[in-house]
Every structure is written in structure tokens, then in C-alpha cells.
2 protein chains.
Amino acid sequence: MAGTGSGSESSAPRKRADARRNEQSLLEAAAEAFIASGVDVPVREIAGKAGVGVGTIYRHFPTRAALIVAVYRHQVEACAEAGPALLASGDSPCTALARWIDLFVDFLVTKHGLAEALQSDDATFVTLHAYFIDRLVPVCAELLAAAAEAGEIRSDIEALELMRGVGNLCIGADKDPRYDARRMVGLLLAGLRLH
Amino acid sequence: MAGTGSGSESSAPRKRADARRNEQSLLEAAAEAFIASGVDVPVREIAGKAGVGVGTIYRHFPTRAALIVAVYRHQVEACAEAGPALLASGDSPCTALARWIDLFVDFLVTKHGLAEALQSDDATFVTLHAYFIDRLVPVCAELLAAAAEAGEIRSDIEALELMRGVGNLCIGADKDPRYDARRMVGLLLAGLRLH
DNA sequence: TGCCAAACGGAACGCCGATCCGTATATTCA
DNA sequence: TGAATATACGGATCGGCGTTCCGTTTGGCA
């Protein structure tokens, strides 16, 4: 095993050209398929769209979660980076928190089935869960702490719990026009505020 | 109403004894299996526990939802009937609403996967969804209207939306000790109150 | 007791995720 | 340039599940 850097960065032994091409095709096909049929779309369908065999999917993305993460990584990063920016924007911390949660909700409700997958206990999705938690909970915690310190909200709610609650409220948001996830999240945040 | 469990109406032509016995076995086996492995437990497992073939399950309960409804019908009825009782109990309508939601949450969080199934868009579960909506939303609406009329809460939230929100918040409540669905629901209700 | 509709059980089918291995090819080196 | 070899490919295959279907069994009744 010595020398074979399975790591992701600079020391990686440079993949074959067709491998890189296929990985790209897969990302594009998956992005399309997720929009068209949700993140639960059958693996074979993604493979078909990308013009590769199913084996190739599993070689590049060992779990469905890994594929989802890869497809949405940019957007998650953007959301994470928006947190500090909103805090620094001059608005009250509570407003910053509300705006940030809005971004998160916008992201979730436009991805069919992503909110569901995030909360699923399916072993396939633990990676997905872990990624979102790792990346976004600290950001949320920062916003939460600032708002609490400013005396604008209750201080007995953990970031993880709030994010799970918000994520849960987004489930099925795109299925039933009578259910407005944004409004429910607004209610949750209203309950968080001190008066 | 002297007859066996689900669906025996007065005009029903009286089922065979073995059929009634099997239906009973299935209900018991399903109740056990739901507790042990959640409402997504494989059909074959329920059939095995009950000592019948899979065909027999489908004959008695054409969809998984029908089986779930049959297993939990009593508890859902009790919850539905508790609504008017709480309203009449002398507490403020808002307290009555909170107590009733508590009952609903208690029911949901103790049934592995039921909250998930309730919000699932799987075609198999539309019956389940419909039953809960039909039976509980009117009760919730009554409580909501009373509280709104008393000026205790906002009046722009529909019962259906509130119940879906509460149901969503209960998802995964039994999986992660760091997530307390009850507390999140409390937050949601706090956001509903006028100050 | 004998008949037959009702009910049963489980084999069989289709769909899906996941794996595995014979084949094809990009890259390297002489 | 032309092998040699590691790398990657593709799809056949397996196991699990929901659902259907049909030959067999059995309870109820005349």
C-alpha cells in the first residue's frame, strides 16, 4: 500500500482521462436526473443518461450519498459561507439568522426528496447527513450564539436541533401546495424569539 | 357493531371463521412487528410471525397503509375524541390545543417510522395520509378556531398545515437523542401565539 | 356426507441496489 | 512506434422486496 495515495489532493496519482470524463458525465447526468425525478432516482437511470454502466457509478461514487454530496457541494458551500457574511452585514443577528435559514430552506425545498433523504435513517445516507451536519451546523451555531448574546432569542436551543427541525419542516414541501414549508419555518423562528 | 375489527359492517355477509382468525393473527403480528422493526418491516416477516402466507396479508389488507390504519385505528380515534374533551375541560383554548398536539406527538414518536410514512409521497401511503387527515384535521381545526377566536393565537394558519408541520417535526424523533421533537413542536406553537 | 365458494399459501415476476469479473483501453516505457 | 500493464469499463448476476396469480385446501351448508 505504500505510495498509493488514496487521498484526494495533490499527491493523487492522476486519474485516467476516460475516468475523469465519466465522472463529469455522471455529475451532469445525476444533476439532471435529480431535478427530473428526485434524489431517489434509480441508479440505472443515471447510468443510462450518462452513457455508462452501473459499475462505473459505484466506482466513482461508492454510495448514493457521495453522489448527492458531489452534485450539491457548491450550493452547500455557498450556504455555509453566507452565514458569516450575513452576520457582518449590519443587520441584527436575529435578522441574519432568519435570512440564513431562508437560504437553507430555499436550497432544500427545490431539491425533490433531499430533505427526506437528509433525515432518513437508511444507512446509505449517513454520509449525506454527516456532511450537512459538519458543514452547516457550526455556521448555524455561530448565528444562533450571536442572536442569543444580543438577547433577541432564547438561548436553550442547540444549532443541531434547530437545523433538524427546519430540515424536517421542508419535507414534502414540493408535493402539496397547501403546505408552505417557509411559513412553518417562520413560525418556528417566531417561537424562538424573545418578546 | 358486534363483529370483528376492520370493516365489518352490518351488511357484510359474515366471513369464514378461518378468515377472521387470520385477520386477528395478522393484526397482532403486525403490531408486534411494527414495534420491533418499524412500519416498514418486510411483508414476509409479518406473514411469518402470523403463520400465514403473504397472499393472505394482501387479501385482508390490500395495501400496507390499510394494515397500519387497522393496527392504530383505536389510538387515532382516541386522539380524535380527546380534542372536544380538552376544549370542554375549562382550560383556555390555547392550552387545550397545546395538550392535544402533545397527544398527537406522543402517538407519533412512539411508532417507528410512522411519521415518515405519513409524509411519504409513496403511492402506497396515500390511504394512510388520507385517513389521518380526514380524522384529525377537523379536530385540530376546531381547536385552532377556538384559540383564534379567543385571540390567543394567529388566525392565518390552517389546521392541515399545522398538522403537517407537527408531523414533520416528529420524523426521526426516535433515532437521535439530541433531537427532541417535543421541544421543536413547542417552539412551533410558541410561534403561533400572539403576544 | 358431499359439494363449492371462500380462503389459503407460496411460487413467480418485476424492480432495484450492489457486486463481480471478463473485456477494453489509456498510459508508459523500450 | 509498438507492446506491456495497470486502470477503468460495462453489464450480467445476486439477493431482497413488494405484488400478483393460481393450484390446493377447507369451512359452511344442504
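Chain A is the first sequence line, chain B the second, and so forth, proteins listed ahead of strands; every chain is numbered from 1.
- Taking the side chain of B:Tyr58 as heavy atoms from C-beta on, and the options D:dT20, C:dG17, D:dG11, the nearest nucleotide is D:dT20.
- Among C:dA7, C:dG17, D:dA8, the nucleotide with an atom closest to any side-chain atom of B:Asn22 is C:dA7.
- When the P atom of D:dA8 is taken as reference, atom NE2 of A:His60 falls 8 Å away, rounded to whole Å.
- Considering only the side chain of B:Arg16, C:dA5 comes nearest among C:dG17, C:dA5, C:dA26.
- Under a 3.5 Å cut-off, the side chain of B:Arg64 and the backbone N or O of B:Val41 do form a donor-acceptor pair.
- Nearest-nucleotide positions on DNA chain D for B:Thr124 and B:Arg21 put B:Thr124 closer to the 5' end.
- Counting to the nearest Å, the C1' atom of D:dG18 and the CD atom of B:Glu45 are 14 Å from each other.
- As a whole-Å value, the separation of A:Ile57 CD1 from D:dA8 P is 17 Å.
- Using a 4.0 Å cut-off between charged side-chain N and carboxylate O, B:Glu161 and A:Arg183 make a salt bridge.
- In this structure, B:Glu23 places its CD atom 14 Å from P of C:dG9, rounding to the nearest Å.
- Contact of A:Arg64 with C:dG17 (side chain to base): no donor-acceptor pair of N or O atoms is detected under 3.5 Å.
- Side-chain proximity of A:Pro42 to the nucleotides C:dG17, D:dC17, C:dG10 is greatest for C:dG17.
- Backbone-only contact: B:Gly51 has heavy atoms under 4.0 Å from sugar-phosphate atoms and none from a base.
- Within the 4.0 angstrom heavy-atom criterion, only backbone atoms of the sugar-phosphate kind lie near A:Val43; the bases stay farther away.
- Here the nucleotide nearest the side chain of B:Thr56, chosen from D:dT19, C:dG9, C:dT19, is C:dG9.
- Closest approach to the B:Ala17 side chain among D:dT20, D:dG27, C:dT19 is made by D:dG27 (side chain taken as heavy atoms from C-beta onward).
- Under the 3.5 Å distance criterion, the side-chain polar atoms of B:Glu116 are left unmatched by any main-chain donor or acceptor of A:Ser120.
- Between A:Phe107 and A:Phe132, the ring-plane angle classifies as parallel under the 30° and 60° cut-offs.
- If you take CZ of A:Arg14 and P of C:dT27, they are 8 Å apart, rounded to a whole angstrom.
- The nucleotide whose nearest atom lies closest to any side-chain atom of A:Asp18 is, among C:dA26, C:dA18, D:dC17, C:dA26.
- Judged by distance alone with a 3.5 Å cut-off, a donor-acceptor contact links the side chain of B:Arg59 to the base of C:dG9.
- To the nearest angstrom, C1' of C:dT19 lies 18 Å from CZ of A:Phe61.
- Here D:dG10 presents its C1' atom at 12 Å from CG of A:Leu26, a figure rounded to the nearest Å.
- Between the C1' atom of D:dA8 and the NZ atom of A:Lys15 lies a distance of 11 Å, rounded to the nearest Å.
- Of the possible donor and acceptor atoms, one in the side chain of A:Trp100 sits under 3.5 Å from a partner among the backbone N and O of A:Cys79.
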